[in-house]
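Okay, structure first, notes after.
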Amino acid sequence: MFRAENPPVVPVRAERRESTRQTERTFAVAVLTTISSFLVLWPYTSVIAAGVWSLMCIAVIMLIAVTGFIVRQVRSGHADRPWSTLGAQLLVSVLALTAMIEPFGAFFGVVPTEVTLRSVGVLASEAFQQVQFGTAPLESTRGLNAMLVIGFCVIAILLDQLIAARLALLAVILVAAAGAMPTIITRGDADVVWFVGLALVALFLFRHSTRHDRTAPRQASVGVMVSVGAAVIVAALVITPVLPVSATWIGAGTSVQLNPSLRLGDDLRRPTPFTVMTLATKSTSAPYLRIASLSQFDGETWTPDETDRQPLRAGFGAPDWAEDLDSIEQRTSIRVSGIASSMLPVPFPATKIVGVSSGWQVVPANRTVISSTRDAEGEDYTVTTENVLPTKEQIQAAPVTSASTEPVEELPAVIGEMAREVTADAGTAYDKLIALQNWFRSQFSYSLDAPVDGGFDGTGAEAVAEFLDARSGYCIHFAGAFALMAQSMDMQVRIVVGYLPGRMTDEKRGTESIYAVSSEQLHAWPEVHFEGIGWVSFEPTASLGVPTSFQAASTGGGSATGPAAPAPSAAPSAAPTNGPEIDRDQGGTSTADGQPLRQLNPTPVMLGVLGAVLVLLLPALVRFVLYLVRRGRARDGDAMTAWREVQDTLIDLRLPASDADSPRVRGAALVKSGADPAMVRVLVDAVERASFARTAGDGGDLSPAVAQITTALRRSVDFRARAAAALVPRSLFISRTSAATATSGAR
């Protein structure tokens with residue numbers, strides 16, 4: 001009758017259990033944040049070259065997760081906990097990012113200053129230019145590294161806050177959007193394994209959100225959860241790979257991100273060529289297409305020309321050739337479908353262009369078209385060119401313009417020596433260039449792999465010297481060697497990056513023939529400037545294109561073949577003679593129909609298989625970790641946790657697990673399943689004391705009882721049931737109430 005006057009009994013064990021549950025919740029948030037952020041990071045490894053950026057991103061992701069866990073534990077029970085966690089993560093992020101990106105100029109190397117902010121701005125601009133003009137996989141540069149680590153820091157903080165607030169749907173949308181960005185930008189194939197991982201992570205995020213939400217219903221529908229999970233995984237495995245792909249559908253198809261440099265090897269080695277544009281012309285042949293020219297060489301790289309631009313309406317400028325030369329006007333309609341670039345492919349020498357969107361500008365020096373705001377993909381336009389046709393006598397009489405820049409000092413001696421040796425018997429400058437062209441085409445071989453295997457896959461002077469010794473490479477090596485050898489003879493030379501003419505198709509547009517240009521026809525070739533004639537293209541690359549030659553006036557005069565005016569194709573159904581004739585069967589193996597076999601790189605396959613195995617084993621790993629955690633708590637005498645582990649084991653094995661049973665009734669059933677009666681008695685007594693005693697006492701070490709009982713339960717079922725329980729633990733996906741209903745009639 002005096003119970004109200006007695007001081008309340010402090011539920012020590014209840015507080016301890018609540019504290020433990022809070023630790024579990026904060027730990028779950030940290031783990032899910034880390035896994036979700038790593039899932040976002042995964043696709044970026046396929047479009048960015050290996051480098052320190054991945055380690056930096058991993059470090060900052062784990063730092064954000066650990067900071068959130070520590071602050072939530074310290075501030076447990078405080079009303080301002082979310083804001084204090086966010087503030088701590090932002091503070092730690094700023095300090096860590098400063099130390100990683102720009103420690104010089106910062107206070108103590110971690111506190112940013114005005115100098116730090118200016119440096120980050122410069123790095124951001126460099127990264128933007130690299131992404132805009134680069135080709136996947138992008139090089140791991142300092143600017144790109146900085147932007148990546150900042151971006152993943154923001155993503156990790158957002159995911160941590162969303163998961164902690166149980167906003168699972170928003171977290172899943174963020175993971176899907178950020179993770180799919182590389183595939184969308186590069187128009188690459190969907191990564192099925194990644195989509196399966198996304199589906200599993202989404203299920204765990206939703207499970208966490210509902211499990212720790214007191215307002216959520218306690219009973220989950222097994223059918224609904226299994227159906228939703230199965231539908232997502234089936235969509236990733238079956239439906240996604242067979243979706244139709246259209247080159248004009250944004251987000252699907254494939255495209256090339258043109259880079260106005262000579263790093264073309266990765267693009268040329270793409271496993272599956274695809275059409276990047278189509279041409280329509282009435283001429284008997286399609287022209288070469290250029291996107292940029294490069295005339296400055298520093299000993300290692302050729303730099304794209306940066307000259308004055310002018311509005312498109314101002315035209316391409318005055319002609320660079322004498323008016324008395326014969327010429328032929330040609331019109332070419334171009335539709336770009338698979339090129340992401342700020343440069344338009346145009347034939348040379350262009351004199352007029354119509355049909356393009358506003359925002360494009362003309363570079364008169366090399367007669368190219370460029371824009372700071374537009375993208376070439378989707379453009380449909382017509383270019384008029386004035387093909388200059390000097391006779392052989394005219395070009396032999398024309399002097400070559402002297403090199404406009406000083407030759408690079410200390411070039412390998414073999415370059416100049418070989419140039420003089422090859423051209424020793426030639427009289428005029430034109431004859432020397434033809435001798436060089438013929439020498440390359442007859443004494444060298446085309447190979448995409450030889451430069452990589454030989455270690456000279458570059459454009460530097462040393463790489464050219466090794467190429468001249470190996471005598472095998474692809475277009476950048478031929479063009480670079482030709483250009484340096486011509487420059488050693490005091491000739492003004494430049495390298496052009498663009499596309500070969502393409503393959504004639506069976507289609508027609510009125511009287512115009514249609515040509516399809518493939519991604520593997522990306523090309524580079526040299527040009528030399530002749531006074532009174534202008535820039536003349538040459539084709540030194542063995543087995544590609546058509547070599548330049550001009551006919552004598554006595555044979556009719558004014559006709560030419562080569563990059564400026566390629567020879568006509570003989571048959572519409574076959575590849576034209578000015579298209580690529582690449583020997584891709586370097587190993588001598590081919591299919592029955594004569595098509596070369598492509599070598600399979602086992603690394604992506606192995607990584608895909610390992611990723612799939614990891615995803616399949618993820619539920620089992622999570623369940624095993626949960627078992628170890630509960631064993632540890634049972635060792636401290638937590639009877640309810642030990643009892644919960646026994647109940648979840650029953651659920652996993654599909655054994656009866658009704659919550660209506662008393663501990664003694666359940667204990668009797670456990671003994672019938674083969675459990676040691678003494679161990680069952682220890683656990684049942686501890687559960688009854690924890691449930692009904694006014695003060696909870698120490699239950700002692702309950703870990704042996706949990707281990708013996710769960711082992712006995714597994715032995716009571718067959719191997720198939722044990723395997724199913726290990727690989728797909730049902731207790732992770734459904735509530736115990738639902739499980740009790742589902743298993744009450746199992747036996």
Side-chain angles (χ1 to χ4, degrees), residues 200 203-204 207 211 218-227 229-230 233 612-635 638-688 701-747:
L200 292 175
L203 290 179
F204 280 106
R207 175 62 175 167
R211 190 169 187 174
R218 295 295 94 192
Q219 182 171 351
S221 170
V222 180
V224 171
M225 292 195 66
V226 173
S227 299
I233 294 176
V613 172
L614 179 61
V615 169
L616 292 176
L617 294 180
L618 187 59
L621 294 175
V622 173
R623 181 67 178 89
F624 179 69
V625 172
L626 184 60
Y627 170 76
L628 295 179
V629 172
R630 288 174 175 173
R631 278 284 302 274
R633 292 171 57 181
R635 189 177 296 109
D638 191 338
M640 301 310 297
T641 297
W643 191 247
R644 187 178 300 115
E645 175 59 31
V646 172
Q647 287 180 307
D648 283 355
T649 302
L650 291 169
I651 295 172
D652 293 339
L653 297 171
R654 294 182 178 271
L655 295 173
S658 175
D659 285 341
D661 294 339
S662 65
R664 291 180 181 271
V665 173
R666 177 67 56 78
L670 294 174
V671 172
K672 290 182 180 180
S673 298
D676 185 357
M679 292 294 180
V680 173
R681 187 178 305 110
V682 170
L683 182 58
V684 169
D685 290 345
V687 171
E688 288 181 338
D701 185 1
L702 300 177
S703 177
V706 173
Q708 197 282 331
I709 294 172
T710 55
T711 301
L713 289 176
R714 293 187 179 92
R715 290 175 178 173
S716 68
V717 298
D718 57 20
F719 173 78
R720 182 178 179 181
R722 290 197 299 271
L727 295 176
V728 188
R730 299 174 69 244
S731 59
L732 292 179
F733 303 101
I734 60 177
S735 66
R736 291 188 300 277
T737 304
S738 178
T741 304
T743 60
S744 60
R747 286 192 176 183

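Excluded from the calculations below are hydrogen atoms, water molecules and symmetry mates; all remaining heavy atoms, backbone and side chain alike, are included.
Classification of E645 and R633 as a salt-bridged pair fails, no side-chain N sitting under 4.0 Å from a carboxylate O.
When all heavy atoms are compared, the tightest approach of A721 to L653 is O-CD2, 4.2 Å. What you find for A675 and V680 is that their closest heavy atoms are CB-CG2, 3.7 Å. Residues V687 and P663 approach most closely at CG1-CG, 4.0 Å, considering heavy atoms. The shortest non-hydrogen separation linking V706 to A642 is CG2-CB, 3.4 Å. Scanning all heavy atoms of the two residues, the minimum distance from A620 to P729 falls at N-CD, 4.4 Å.
Looking at heavy atoms from C-beta onward, L650 lies in side-chain contact with R666 at the 4.5 angstrom threshold. Side chains of P704 and V682 form no contact here, defined as non-hydrogen atoms less than 4.5 Å apart.
Rounded to the nearest 0.5 angstrom, R714 CZ and I709 CD1 are separated by 12.0 Å. Rounding to the nearest 0.5 Å places OG1 of T710 at 10.5 Å from CG of L670.
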* Derivation of the side chain to side chain contact (heavy atoms under 4.5 Å, CB included) call for D638 and L702 -> CA-CA 8 Å; D638 191 338; L702 300 177; over 6 Å; no

* To do: Let me see the working for L655 and S716 under side chain to side chain contact (heavy atoms under 4.5 Å, CB included), right down to the final yes or no.
  => CA-CA 10 Å; L655 295 173; S716 68; 4.2 Å; yes

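For S703 and R631, the side-chain atoms include at least one donor-acceptor pair closer than 3.5 Å. Using modelled atom types and a 3.5 Å distance limit, the side chains of R623 and Y627 yield no donor-acceptor pair.
Checking side-chain atoms of R630 against main-chain N and O of T641 turns up no donor-acceptor pair under 3.5 Å.
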